[in-house]
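Take a look at the structure set out below.
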Amino acid sequence: MNFLAHAFLSGENKSILVGNLIGDFIKGRQALGRFEAEVIRGVELHRAIDEFTDNHPVVHESKARLRPKYRHYSGVIVDVFYDHFLAGQWKEFHPRPLKDFASATYKTLTDFSAVLPLTFQQMLPYMIRGNWLVSYSKVEGIHRALSGMASRTPFHSRMEEATSDLQEHFRDFNDEFNAFFPTLRSFCDEWLTYGGTEV
């Protein structure tokens with residue numbers, strides 16, 4: 001899943017939220033040593049979410065539709081597509097308006113800026129300025145996100161073209177998101193309630 005889903009699935013604990021959002025920027029166990037326990041737990045939740053998502057059969061269907069064109073980047077694209085559907089249906093999942101949730105998330109990340117990995121620190125102003133979490137609700141925002149990712153890949157990923165696939169197969173991707181996301185939400189609720197296990 002992408003940034004919005006990871007933030008949403010963190011619950012109300014700010015340290016877990018931070019850990020969940022920086023999960024892709026933390027490599028290995030040794031790198032976790034400088035963080036407090038709840039931030040580490042957030043990183044572990046991030047990894048649990050990624051593993052659950054990568055192994056879910058519905059997500060496999062979404063990725064299979066994209067794989068012939070985008071190969072191993074299909075999973076990254078699906079993550080962004082699913083954030084688009086989460087943002088578009090936000091009122092069905094969360095009592096707070098998306099713009100308020102996004103503002104609170106940015107504030108939390110800013111408050112924790114001293115412990116953020118350097119690459120995340122450098123990215124955060126762009127995230128806030130572009131209001132990424134809200135922009136995912138629009139196809140234009142998804143296009144900007146995928147184009148930005150494409151510019152940073154070492155190979156020609158063609159991810160900047162993927163919004164055409166989103167629009168062509170919109171109903172299929174939407175149906176798959178709606179079949180998958182409640183199962184992921186239940187998994188995370190249980191993980192947070194019972195402590196989870198390290199991935």
Side-chain angles (χ1 to χ4, degrees), residues 1-10 17-28 31 42-43 45-56 58-90 98 101-102 105-106 109 113 116-170 172-174 176-177 180-181 184:
M1 304 303 291
N2 203 45
F3 288 119
L4 181 59
H6 279 289
F8 170 79
L9 294 166
S10 297
L17 168 68
V18 171
N20 201 347
L21 287 176
I22 66 174
D24 282 333
F25 297 79
I26 305 295
K27 304 303 180 185
V43 174
L45 174 59
H46 179 105
R47 294 172 180 174
I49 289 169
D50 284 356
E51 182 178 36
F52 183 90
T53 301
D54 289 344
N55 290 301
H56 199 283
V58 172
V59 178
H60 287 176
E61 293 179 29
S62 292
K63 290 193 288 190
R65 190 173 298 111
L66 297 170
R67 189 170 292 110
K69 182 176 180 181
Y70 302 102
R71 304 175 67 83
H72 64 276
Y73 293 107
S74 61
V76 177
I77 296 168
V78 169
D79 285 347
V80 176
F81 284 3
Y82 282 10
D83 260 19
H84 174 64
F85 294 116
L86 175 58
Q89 302 174 40
W90 185 258
L98 177 56
F101 176 87
T105 299
Y106 302 144
L109 290 168
S113 60
L116 299 177
L118 179 59
T119 49
F120 197 99
Q121 288 181 23
Q122 294 169 338
M123 182 192 72
L124 182 57
Y126 297 98
M127 176 186 283
I128 295 171
R129 192 178 310 129
N131 201 2
W132 290 1
L133 300 182
V134 174
S135 74
Y136 294 146
S137 64
K138 306 293 185 183
V139 172
E140 294 82 0
I142 295 299
H143 178 70
R144 282 194 297 272
L146 291 168
S147 296
M149 291 177 182
S151 70
R152 296 188 293 273
T153 58
F155 305 105
H156 182 45
S157 66
R158 301 178 67 185
M159 285 192 287
E160 72 279 4
E161 302 174 14
T163 49
S164 62
D165 298 270
L166 173 64
Q167 292 168 315
E168 181 179 356
H169 302 286
F170 189 90
D172 292 324
F173 285 120
N174 187 47
E176 286 155 5
F177 167 80
F180 163 70
F181 196 72
L184 175 60

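Values below: every heavy atom of this structure, side chains too, minus hydrogens, waters and symmetry copies.
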[X] [atom1] to [Y] [atom2] distance, which is reported to the nearest 0.5 Å:
X    : Y    : atom1 : atom2 : answer
S157 : R71  : OG    : CZ    : 12.5 Å
Q89  : N174 : CD    : CG    : 5.0 Å
F120 : L109 : CZ    : CG    : 5.0 Å
R129 : L124 : CZ    : CG    : 10.0 Å
F81  : D165 : CZ    : CG    : 6.0 Å
T163 : E140 : OG1   : CD    : 9.0 Å

Check against ring-ring contact (aromatic ring centres under 6.0 Å, His included), Y82 and F180: CA-CA 10 Å; Y82 282 10; F180 163 70; 5.8 Å; yes
Flag the pair [X] / [Y] as yes when at least one side-chain heavy-atom distance between them is below 4.5 Å, and no otherwise.
X    : Y    : value
Y73  : R158 : no
D54  : K63  : yes
V80  : H84  : no
I77  : M149 : no
H6   : D50  : yes
L4   : F101 : yes
H56  : L184 : no
Y106 : L133 : yes

Donor-acceptor contact present, side-chain [X] to main-chain [Y], <3.5 Å:
X    : Y    : value
S135 : W132 : yes
T53  : I49  : yes
N55  : E51  : yes
E176 : V58  : no
N2   : D79  : no

Which pair of heavy atoms, one from [X] and one from [Y], lies closest together, and at what distance?
X    : Y    : answer
L21  : A7   : CD2-N, 3.9 Å
A102 : V134 : CB-CG2, 3.8 Å
L86  : A5   : CD2-CA, 3.6 Å
V139 : Q167 : CG1-NE2, 3.9 Å

Ring geometry between F181 and F8 (parallel below 30°, tilted from 30 to 60°, perpendicular above 60°): tilted
Honestly, is R65 close enough over F173, meaning NZ or CZ under 6.0 Å from the six-membered ring centre and within 45° of the axis? yes
With a sphere of 6.0 Å drawn around NZ of K138, does it hold more than 12 non-hydrogen atoms of other residues, nucleotides or ligands? no
